[in-house]
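Encoded as structure tokens, the structure appears first; notes follow it.
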Protein chains: 2
Amino acid sequence: MPSDRTRALILDAAERLYAERGFGDVTLRDIVASAGVNLAAVNYHFGSKDELIAELFVTRGIATNRERLAELKAAELAGGGRADVKAVLRALVGPTLRACLGPETERSTASRFMIRASIESVPPIRRIKNREVDHLRKFAGALHRALPDCDEADIYWGLHFALAMAHQTTRDTERLAKLSEGKCNVDDVEAVIDRIVDAAAMTLTTRTGASTNPARNDAKTMAARRTEKLKG
Amino acid sequence: MPSDRTRALILDAAERLYAERGFGDVTLRDIVASAGVNLAAVNYHFGSKDELIAELFVTRGIATNRERLAELKAAELAGGGRADVKAVLRALVGPTLRACLGPETERSTASRFMIRASIESVPPIRRIKNREVDHLRKFAGALHRALPDCDEADIYWGLHFALAMAHQTTRDTERLAKLSEGKCNVDDVEAVIDRIVDAAAMTLTTRTGASTNPARNDAKTMAARRTEKLKG
DNA sequence: CATAGTTTCATACAACTGTTTGAATTGCAA
DNA sequence: TTGCAATTCAAACAGTTGTATGAAACTATG
């Protein structure tokens, strides 16, 4: 009967430190010091540093995915089996944004850890990450049901853009705040979610012909083209 | 008269290795081996590893910014002193996307290095990065001139989203390709640029009331809210 | 050629990394 | 209690890191 106390202490400390400082700057000695356990405990309980990181990533990843899927299911239920575009996108980006933005005190360490994990591509995580696409495919399916006439590639692009905006917003709040001198309020999380959902939904619902290159031969673009040639 | 040859060899090798593998995985010994110079040369020519990275980042950053500004200037010239929204956005995201995507052989090491630098936040770079906002402010200004009636915060959000989509697209081509099973073609760079520019322009030009939270109390959202409460 | 300054080089250094070891301690069943 | 396994611990290990040293090689000037 293994006593999981030390194990849990290590997991908690590791998650917190990684979330705060990133993988590159945190050593096993930092973790065990913060957890108040012996250095050898990590290798005893997890085998190696990489296995510790992997366990952390798997556990927290499953939790995040469950949240997103629950929100998707709820939206589909409320819509009689079919959720509309914005509801799907909201289920996709909402949980992470809510956990990473908002009042400092309420931010979940788990989500900030996941953001770190998706930024810094450390080997043990890279190996696991491939499963993510299976999870995203469910949202692609839901979007396809909401937009039966939409081109499949456009749906993936919309998904990609939604994640891109959400991701960048969680990890680069600072630049946006500095650039806008505080005019962009990131504390109203639901408003931020609305912005991102609306923007992504627009790329999906508005026919602009972007996928077939419409307005790329106007004067301005050609001028830009010429400029671009110069640098080569 | 200092011979800059060794210096240049080091810079080139470092840029290439950092672009390929990231900062965490590249040691000074990797760099000097790849450059074919002695280990001590780095400290002799640059003082320290951090100063080498900083020099690389400053040099390449200036180059990228110059490209973007040239494209912006050209667009403004062609528009009689005022570039339209899409032209501004294209000047912002075009250079980086063209350099990072497209045929493997043409991708510039410099741009991939800059992407790395913006992903992995290593101390010497973090210190310099603040200057970036001054550069972005010029594009915010151009957008403001193109959209005099647009809310200032909306402009910053649009800029933020454009950079987010461009950034994520350059660094996570793999997931998009895997998710879409090749249906999203990233090789047609200009088409990708169009997509991103169109999407970002839409958030700027389409009045949706997103900034004031319109449709957040419909049935679906409330259901999602309930779900979200459960996790707490 | 000689000499002074610059640049290269092999080598050593100290600090830090993840991991291992073997003894000490603990918890619990017989 | 005794005995045994699970767990903790201090210490050491082997490897890697960035940096420093002092001698050697080079370059150009007088």
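Both backbone and side-chain heavy atoms feed into the values below; hydrogens, waters and symmetry mates do not. Quantities reported herein were computed from a predicted structural model and do not represent experimental measurements. Quick note on labels: first sequence line is chain A, next is B, and so on, each numbered from 1.
Within a heavy-atom distance below 4.0 Å of DNA chain D, no residue of residues 15-27 of chain A is found. Proximity of residues 32-43 of chain B to DNA chain D (heavy atom under 4.0 angstrom from any strand atom) is restricted to Leu39(B), Ala40(B), Asn43(B). At a non-hydrogen distance threshold of 4.0 Å, nothing from residues 50-61 of chain B comes into contact with DNA chain D.
Within the 3.5 Å criterion, the main-chain N or O of Ser111(A) finds no donor-acceptor partner in the side chain of Arg60(A). Between the side chain of Glu67(B) and the backbone N or O of Pro95(B) there is no donor-acceptor pair closer than 3.5 Å. Formation of a donor-acceptor pair under 3.5 Å by the Ser34(A) side chain with backbone atoms of Asp30(A) is not found in this model. Under the 3.5 Å distance criterion, the side-chain polar atoms of Arg175(A) are left unmatched by any main-chain donor or acceptor of His160(B). The closest donor-acceptor contact from the side chain of Arg116(B) to the backbone of Glu20(B) lies under 3.5 Å.
For dA6(D), neither phosphate oxygen OP1 nor OP2 lies less than 4.0 angstrom from any side-chain nitrogen or oxygen of His45(A). Here Thr6(A) does not reach the OP1 or OP2 of dT7(D): none of its side-chain N or O atoms lies under 4.0 Å away.
Remark: Lys178(A) does not engage Asp172(A) in a salt bridge, criterion side-chain N to carboxylate O under 4.0 Å. Using a cut-off of 4.0 Å between Lys/Arg side-chain N and Asp/Glu carboxylate O, Glu190(B) and Arg98(B) are scored as salt-bridged.
The distance from atom CG of Asn185(B) to atom CH2 of Trp157(A), rounded to the nearest 0.5 Å, is 8.5 Å. The line from CD of Glu71(A) to CZ of Arg90(A) is 8.0 Å long, rounded to the nearest 0.5 Å. In this structure, CD on Glu55(A) lies 10.5 Å from CD1 on Ile10(A), to the nearest 0.5 angstrom. Here the OG atom belonging to Ser180(A) is positioned 11.5 Å from the CG atom belonging to Leu136(B), to the nearest 0.5 angstrom.
Atom CZ of Arg5(B) and atom P of dC26(D) are 14 Å apart (whole Å). Distance Arg29(B) CZ to dT16(D) C1': 7 Å, rounded to the nearest Å. As rounded to whole Å, 13 Å separates atom P of dG18(C) from atom CD1 of Ile10(A). Across the protein-nucleic acid pair, Asp4(B) atom CG and dT6(C) atom P stand 14 Å apart, rounded to whole Å. Atom CD1 of Ile31(A) and atom P of dG18(C) are 8 Å apart (whole Å). Leu28(A) places its CG atom 17 Å from the P atom of dT16(D), with the value rounded to the nearest Å.
When distances run from any side-chain atom of Tyr44(A) to the nucleotides dG18(C), dT8(C), dT8(D), the shortest one goes to dT8(D).
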